[in-house]
Amino acid sequence: GVTSRFAEVSTQLDSVANDTKQALDSAISQVNTITGQLALVNGQLTANAKLSSQPSELLDRRDLLLRQLSNLTRINTSFTANGTVTVSLGGTITQSVVVDGQKNIPIGRNDKSADPFGLLLDPYGNTHSLADASGGTIGGLKTFMSQILDPAQKSLNLLAKTFVDQVNTVQRNGVDAYGNSGADLLKIDVSAPNSAAGMQVTFSDGLRLATGSKFRIAENVSNPSSVQATVNYTPVPPIPSISNPFLVNNPNPAS
């Protein structure tokens, strides 16, 4: 039915969101691994005071790590005279520093934020927001979530709410097979994570569907008379029940 289709699409979007979060967590883990390795390289580079005295393989290792890091996110770099590097993920080299000499500062995802893709610098210490982190794999995942996936889920939830409201309006303006005014056919479970996933049918009796319209009297604009029409309705009195419940029909056909 329609409700199951809404729930199916919502579940698919949730699955994509979870996969995207896992991909972001993986990229964050790679960033922390690389910045830790860069800090170790910086420690090895401190053995020499001049860049010209540094082993070429150590400088190549540093540059390879920087390229790998730049594939994951946009970085700023600053080099000292002996080749050690400072790396930041902020707008400038002094903002959101993740490699400072022989120290690396980890990044993480803010699970408690309304934004499931909110990033933090030093999540277990002096925490700062990494809202300006962009570019690379991390920037692409954040853009996908904020500009495609999240709007799609919100649009689906809005469509679900609109559908429920419109169907219930039709129901309330009609009459069911019992002669009663129609009741709401659909509702949304407020405990569901998304409105589309929480759409439910309120009753299973098909006779309660409001398949008829309420009776109306409308003036005809071409009628010049001042006659006012009225309608009176007298319901058929119910058949009185038998006073003695033990009286039954004789099962003998000849009687």
Side-chain angles (χ1 to χ4, degrees), residues 1-25 109-119 131 134 138-239:
V2 175
T3 55
S4 61
R5 184 54 181 163
F6 269 101
E8 179 183 350
V9 175
S10 180
T11 300
Q12 291 173 347
L13 290 176
D14 284 341
S15 177
V16 174
N18 288 331
D19 290 344
T20 308
K21 290 176 184 177
Q22 290 178 8
L24 180 62
D25 289 339
R109 185 164 58 85
N110 189 0
D111 288 324
K112 299 181 180 179
S113 170
D115 177 12
F117 282 71
L119 299 182
S134 61
I138 289 178
L141 291 171
K142 291 177 62 178
T143 299
F144 171 72
M145 185 66 181
S146 62
Q147 298 185 13
I148 298 177
L149 196 58
D150 191 46
Q153 184 68 75
K154 289 180 179 178
S155 296
L156 182 66
N157 289 336
L158 178 60
L159 179 61
K161 291 179 181 179
T162 302
F163 181 79
V164 169
D165 290 341
Q166 293 298 318
V167 168
N168 288 340
T169 297
V170 172
Q171 275 285 116
R172 288 191 293 267
N173 290 331
V175 178
D176 64 20
Y178 297 109
N180 301 318
S181 296
D184 288 351
L185 173 62
L186 301 173
K187 69 175 183 178
I188 292 179
D189 183 1
V190 296
S191 65
N194 292 294
S195 298
M199 189 187 299
Q200 299 176 351
V201 178
T202 60
F203 57 81
S204 58
D205 185 357
L207 295 179
R208 293 185 62 189
L209 290 174
T211 56
S213 299
K214 293 182 179 179
F215 188 77
R216 297 184 304 166
I217 298 177
E219 286 190 28
N220 192 319
V221 294
S222 61
N223 183 5
S225 171
S226 60
V227 174
Q228 299 294 319
T230 60
V231 173
N232 295 320
Y233 168 68
T234 303
V236 178
I239 299 175

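Keep in mind that this is a model prediction, so the values were computed, not measured.
- Put simply, the side chain of Ser15 never gets that close to the backbone of Thr11: no donor and acceptor are under 3.5 Å apart.
- Using modelled atom types, one side-chain atom of Thr202 and one backbone atom of Leu185 make a donor-acceptor pair closer than 3.5 Å.
- When atom types are taken as modelled, the side chain of Asn110 and the backbone of Leu119 share no donor-acceptor pair closer than 3.5 angstrom.
- We find the OG1-CG distance between Thr143 and Leu149 to be 12.5 Å, quoted to the nearest 0.5 Å.
- For the atom pair CG of Leu158 and CZ of Phe163, the computed distance is 14.0 Å after rounding to the nearest 0.5 Å.
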Evaluate side-chain contact (heavy atoms from CB on, under 4.5 Å) for Phe144 paired with Leu24, printing each intermediate quantity in order. CA-CA 11 Å; Phe144 171 72; Leu24 180 62; over 6 Å; no

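- The CG atom of Leu13 sits 10.5 Å away from atom OG1 of Thr20, with the distance rounded to the nearest 0.5 Å.
- The backbone N or O of Asn157 lies less than 3.5 Å from no partner atom in the side chain of Asn194, so there is not a single donor-acceptor pair.
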One pair to check against side-chain contact (heavy atoms from CB on, under 4.5 Å): Gln153 and Leu156. What are the steps and the verdict? CA-CA 5 Å; Gln153 184 68 75; Leu156 182 66; 4.0 Å; yes

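- No side-chain donor-acceptor contact under 3.5 Å links Asp150 to the backbone of Met145.
- The two atoms that bring Gly198 and Ala192 nearest to each other are CA-CB, 3.5 Å, heavy atoms only.
- With hydrogens and angles ignored, the 3.5 Å screen pairs a side-chain donor or acceptor of Gln171 with a backbone N or O of Ala210.
- Judged by distance alone, with hydrogens and angles left aside, the side-chain atoms of Ser10 form no donor-acceptor pair with the main-chain N or O of Phe6 at under 3.5 Å.
- Atom CZ in Arg109 sits 4.0 Å away from atom CG in Asp25 (nearest 0.5 Å).
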Check step by step if side-chain contact (heavy atoms from CB on, under 4.5 Å) holds for Leu186 and Val201. CA-CA 5 Å; Leu186 301 173; Val201 178; 3.9 Å; yes

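- Taking the side chain as every heavy atom from C-beta outward, Asn168 and Arg172 approach each other to under 4.5 Å.
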